[in-house]
A.B. asks: 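My questions will all concern the structure given below.
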Amino acid sequence: MDLEERQALRRVAGLSTELQDVTEVEYRQLRLERVVLVGVWTSGTATDADNSLLELKLLAETAGSEVLEGLIQRRQKPDPATYIGSGKAVEVRDVVESVGADTVICDGELTPGQLRQLEEIVKVKVIDRTALILDIFAQHAQSREGKAQVELAQLQYLLPRLRGWGGNLSRQVGGRAAGGVGIGGRGPGETKIELDRRRIRERMAKLRRQIGDMSTARETKRSHRQGREVPAVAIAGYTNAGKSSLLNRITGAGVLVEDALFATLDPTVRKSRTPEGRLFTIADTVGFVRHLPHQLVEAFRSTLEEVADADLILHVVDGSHPDPEGQLTAVREVFADIDGAGDVPEIVVVNKADTADQDVIDRLTRRERNSIVVSARTGAGIAELMDLIERELPRLDHEVLMLVPYDRGDLISRAHKEGEVLSVDHTGDGTVLHARVLPSLFHELERVAKPVERV
């Protein structure tokens, strides 16, 4: 239903004078139309550079634009003035004029100076990879917390890049700014751009307070689950690797699934059971990408804590992607920024086995010891994955063999829900329960049940 709502308002091909064929939806705030992509190849192979620009193309299309041309320049490091150098910038301007583009997207984060100088040369709007990702996040955020996190990240990005135009640089003063007007009229006053910066800082402070309050509610829910001692599994991985599809396949959650980058941002927590009946929670988290803007990592920190507080991470990687190893590396770089995430046990789930090359799958399984191959679309390998989750989850601490009175059937029910029941035998005096249980249930059983001798 979410996908239907997202696609409910869209352009009809052939009825636009601006674009030839756009099937993306018209729900965005910043609309990118005819774009030229520009990348700088500083290290790695030519294939790596091509893959990076291909990913930028997918990001641009997800934001709702039509990609007309892609250019890569080989340099030791980006030019500090114009990112690609003044000569190449003139070439880009000629390409923009010849194809009729109205936006240039650079595959990197530009400084405010690079952004301004490049825009002056190419004569059209210039944005960088960070602004593009922030725009996609702004389109796809659904919850109140997600919208606040994205707005905070956008303001952090915008603050050093504010520019005044013409009268916007005039100073706010009372009376004549020259001398001789008495108290309140002296001095240059506050410029419009300074006023904008102050308002942005005030808005950022307010958003941080709101996110702090909302993260308290998230921590309360998480502590409630931890208090019940239910193991937690977190699904993490590269964007569009199939995390939401895997969650739907395991739990039937009905989360939005779309073949697009950053289709789902808001975390979803559902409960599931292992093949032996043990209860656990499984959380879908926001997807990662190469060079994920640090503003987003900071703003989404409360959401990413789901990964650090989990007992097990399912690290989903797209087996059909041209560079799955690069996906694994990019996600683990983000893990390094999250306190405690690097210490959580990890299962590498190679997804999309139905479309992946077998040689790539073999290479990944050799590289990652604790890995499994699945297809969330067809269901292949899901049963084996559930068995692996069963083995990797923390073991229950206490094995009990006790006679439970019939009037305490609630304890038998809790053993089935929270523990691992090995056998149940109904006798004349009560129920003989043989199970592995959590410490809280073990102490409750000790008070009301009697130990049974093993024969």
A.B. asks: If I compare all heavy atoms of R75 with all of Q73, which pair ends up nearest, and what's the gap?
C.D. replies: CD-OE1, 3.0 Å
A.B. asks: Are Y157 and D128 close enough, and set up right, to give a side chain to side chain contact (heavy atoms under 4.5 Å, CB included), and what steps lead you there?
C.D. replies: CA-CA 11 Å; Y157 173 81; D128 58 13; 2.8 Å; yes
A.B. asks: Go through the side-chain N and O atoms of D354 and T378 and say whether any donor and acceptor fall under 3.5 Å apart.
C.D. replies: no
A.B. asks: Show the numbers, then the answer: is there a side chain to side chain donor-acceptor pair (under 3.5 Å) between D48 and T45?
C.D. replies: CA-CA 5 Å; D48 295 335; T45 63; 3.3 Å; yes
A.B. asks: Does I133 form a side chain to side chain contact (heavy atoms under 4.5 Å, CB included) with R129? I'd like the steps, not just the answer.
C.D. replies: CA-CA 6 Å; I133 294 174; R129 181 189 180 95; 4.1 Å; yes
A.B. asks: If you draw a 6.0 Å radius around CD in Q358, do more than 12 non-hydrogen atoms from other residues or ligands fall strictly inside?
C.D. replies: yes
A.B. asks: Taking atom CZ of R144 as the centre, does the number of heavy atoms from other residues, nucleotides or ligands within less than 6.0 Å exceed 12?
C.D. replies: no
A.B. asks: Nearest 0.5 Å, please: how far is CG in L59 from CD1 in I105?
C.D. replies: 8.5 Å
A.B. asks: Atom CG in L246, atom CD1 in I382: separation rounded to 0.5 Å?
C.D. replies: 5.0 Å
A.B. asks: Under the side-chain contact (heavy atoms from CB on, under 4.5 Å) test against T130, which residue among Q154, H291, E109 passes?
C.D. replies: E109
A.B. asks: Does some side-chain heavy atom of V150 sit less than 4.5 Å from a side-chain heavy atom of L134?
C.D. replies: no
A.B. asks: Any chance you could lay out the salt bridge (Lys or Arg N to Asp or Glu O under 4.0 Å) test for D213 and R208, step after step, and finish with the verdict?
C.D. replies: CA-CA 9 Å; D213 294 340; R208 286 195 178 100; over 6 Å; no
A.B. asks: Verify the neighbour count for atom CZ of R199: are there more than 12 heavy atoms of other residues, nucleotides or ligands below 6.0 Å?
C.D. replies: no
A.B. asks: Test salt bridge (Lys or Arg N to Asp or Glu O under 4.0 Å) on E194 and R201 and set out the steps.
C.D. replies: CA-CA 11 Å; E194 288 168 349; R201 290 192 185 99; over 6 Å; no
A.B. asks: Between atom CD1 of I200 and atom CG of L158, what is the distance when rounded to the nearest 0.5 Å?
C.D. replies: 4.5 Å
A.B. asks: ring-ring contact (aromatic ring centres under 6.0 Å, His included) with F137: which residues, sequence neighbours excluded?
C.D. replies: F262, F300
